[in-house]
Amino acid sequence: MRNIAVCYLLFSTISLFSQEKRLSFYLDSNKHIIVNYTIKGEKVKLLLDTGWEGEMLDVHIADKLNILPHKENRTVNMFTASGEPYIVITTDRGTNNFIDTLFNYPWTLSDMKQTAHSLKFDEDVNGIVSINFIDYKYAVEFDFKHKQLVFWDSLPENYFKKKNVHQAKLIPSDYLQVDKHSKINAQFPNIKGVLTILDTVTIHPLFFFDTGSIGSEFTLQPYTEELLGELLEYKQIITKKYGPNYPTMRFELPELGIDTLYSKGYVTRVMYDAFGHYKDTKLRVLLGMSFFLQYEKVIFDIKNETGYFVKE
């Protein structure tokens with residue numbers, strides 16, 4: 001699951017002089033973060049996915065709210081990897097006549113009931129948003145203890161005083177491959193780490209914090225068919241020999257104080273590496289919601305490229 005900015009309306013209620021904005025959320029049956037929000041007086045539920053590369057809204061809600069910019073802008077009919085159809089809306093950046101709508105460049109409409117079924121989240125969710133609507137200017141706090149999202153202009157001084165907190169450098173997805181498009185296309189947040197498979201094969205991939213990765217401690221996302229085949233074959237062999245819950249993977253995240261964390265891991269479909277970000281490792285590791293929920297709070301300070309992980 002995946003990067004572009006959500007438009008002005010979503011956070012138009014944030015004053016330029018305010019210190020914070022709070023939104024309540026809940027976890028659905030598969031531990032997705034569902035944010036309660038209001039658009040033009042209509043209450044909606046938005047799935048917040050740190051791994052989402054665009055913004056999506058239910059086409060019926062968009063029609064009800066009269067925010068259908070595809071009537072005047074270029075549209076492209078496309079399909080998800082699972083075969084579900086959706087419409088991509090492409091507007092002219094900087095000349096969008098729909099700046100008071102929910103989404104900016106680019107965004108999609110979908111029958112969210114179909115999308116929910118494909119991606120395994122609750123059918124009453126009306127849309128999917130990423131954290132990039134902050135446009136790299138805010139700190140985003142996931143307060144799991146109080147079920148709140150907090151968007152800070154900047155973190156208060158001594159905010160972590162007397163807290164059990166680990167601090168880690170956040171790495172954009174174009175790590176060591178920065179170019180003129182990086183500010184737009186490079187996603188946060190990743191962290192450096194080490195992955196060992198059955199104590200024999202050790203690699204150094206980026207670990208991506210993905211709130212859309214349901215339930216798992218971490219998920220392996222291959223970027224070649226060959227690697228996917230090898231991982232699935234390996235999983236079959238180990239499952240047959242030791243059972244389905246055997247912890248075959250071990251990873252280390254030194255900045256978070258994790259020197260050994262075993263898990264059975266999951267394997268997803270092959271992803272297309274459009275920018276060559278994974279040409280060396282051929283693999284991305286997704287840290288899912290089970291990883292997040294071991295913390296009281298997780299804070300991504302996008303501007304300062306720093307993550308904070310707070311234990312109770």
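All residue numbers in this chain count up from 1 along the given sequence. Quick note: numbers below take in every heavy atom, side chains included, and nothing from hydrogens, waters or symmetry partners.
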Measure from the side-chain N and O atoms of [X] to the backbone N and O of [Y], and report whether any donor-acceptor pair falls under 3.5 Å.
{"X": "T211", "Y": "L48", "answer": "yes"}
{"X": "D28", "Y": "F121", "answer": "no"}
{"X": "S263", "Y": "M249", "answer": "no"}

State, yes or no, whether a side-chain contact exists between [X] and [Y] at a heavy-atom distance under 4.5 Å.
{"X": "N30", "Y": "M289", "value": "no"}
{"X": "D210", "Y": "T219", "value": "no"}
{"X": "M271", "Y": "R269", "value": "yes"}
{"X": "L253", "Y": "L287", "value": "yes"}
{"X": "P222", "Y": "T268", "value": "yes"}
{"X": "F144", "Y": "F25", "value": "yes"}
{"X": "V298", "Y": "V310", "value": "no"}
{"X": "Q221", "Y": "L283", "value": "no"}

message: One pair to check against side chain to side chain contact (heavy atoms under 4.5 Å, CB included): K147 and Y26. What are the steps and the verdict?
response: CA-CA 6 Å; K147 298 293 191 295; Y26 65 92; 5.6 Å; no

task: Could you list the residues that satisfy side chain to side chain donor-acceptor pair (under 3.5 Å) with T224, not counting sequence neighbours?
output: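 T224: no side chain to side chain donor-acceptor pair (under 3.5 Å) contacts found.
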
- prompt: Which residues pass the side chain to side chain donor-acceptor pair (under 3.5 Å) test with N164, sequence neighbours left out?
  reply: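 Expected list: none.
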
If you look at every heavy atom in [X] and [Y], which pair is closest and at what distance?
{"X": "E255", "Y": "K169", "answer": "OE2-N, 3.0 Å"}
{"X": "L256", "Y": "A168", "answer": "CD2-CB, 4.0 Å"}
{"X": "I238", "Y": "Y246", "answer": "CG2-CD2, 3.6 Å"}
{"X": "W152", "Y": "P156", "answer": "CZ3-CG, 3.5 Å"}
{"X": "L23", "Y": "N36", "answer": "CD2-O, 4.2 Å"}
{"X": "G212", "Y": "D49", "answer": "N-OD1, 3.1 Å"}

Gap between atom [atom2] of [Y] and atom [atom1] of [X] - 0.5 Å precision:
{"X": "L261", "Y": "Q294", "atom1": "CG", "atom2": "CD", "value": "7.0 Å"}
{"X": "K297", "Y": "Q148", "atom1": "NZ", "atom2": "CD", "value": "8.5 Å"}
{"X": "D111", "Y": "D58", "atom1": "CG", "atom2": "CG", "value": "6.0 Å"}
{"X": "K113", "Y": "N126", "atom1": "NZ", "atom2": "CG", "value": "8.5 Å"}
{"X": "L170", "Y": "E305", "atom1": "CG", "atom2": "CD", "value": "7.5 Å"}
{"X": "Y266", "Y": "L220", "atom1": "OH", "atom2": "CG", "value": "11.5 Å"}

Taking side-chain contact (heavy atoms from CB on, under 4.5 Å) as the definition, give me every residue that meets it alongside [X], ordered by chain and number, with sequence neighbours left out.
{"X": "V194", "value": "T196, T202, H204, E252"}
{"X": "P247", "value": "Y262"}
{"X": "Q167", "value": "T306, Y308"}
{"X": "K43", "value": "T38"}

message: Between L27 and I33, is the side chain to side chain contact (heavy atoms under 4.5 Å, CB included) condition met? List the steps.
response: CA-CA 5 Å; L27 301 180; I33 297 172; 3.9 Å; yes

Chi angles and distances behind the side chain to side chain contact (heavy atoms under 4.5 Å, CB included) call for T281, L195: CA-CA 11 Å; T281 63; L195 174 68; over 6 Å; no

By ring pair (Phe, Tyr, Trp, His ring centres under 6.0 Å) - contacts of [X] (at least two apart):
{"X": "Y234", "result": "none"}
{"X": "F207", "result": "F251"}
{"X": "Y295", "result": "F291, F309"}

message: By the salt bridge (Lys or Arg N to Asp or Glu O under 4.0 Å) test, which pairs, at least two apart or in different chains, include something from residues 114-130?
response: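 Salt bridge (Lys or Arg N to Asp or Glu O under 4.0 Å) check on residues 114-130 returns K45-D124.
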
Could you state whether [X] and [Y] fall into the same hydrophobic cluster, counting links through intermediate Ile, Leu, Val, Met, Phe, Trp or Tyr residues with side-chain heavy atoms under 4.5 angstrom apart?
{"X": "L228", "Y": "I237", "result": "no"}
{"X": "I191", "Y": "I258", "result": "yes"}
{"X": "L231", "Y": "Y242", "result": "yes"}

query: Among all residues two or more places apart in sequence or in another chain, which pass the salt bridge (charged side-chain N to carboxylate O under 4.0 Å, His left out) test with K311?
result: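 Checked K311 against salt bridge (charged side-chain N to carboxylate O under 4.0 Å, His left out); zero matches.
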
task: Tell me, please, which residues at least two apart from E42 pass salt bridge (charged side-chain N to carboxylate O under 4.0 Å, His left out).
output: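 Here the qualifying residues are K64.
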
Verdict with supporting geometry, L155 and F160, side chain to side chain contact (heavy atoms under 4.5 Å, CB included): CA-CA 10 Å; L155 292 175; F160 300 109; 4.0 Å; yes

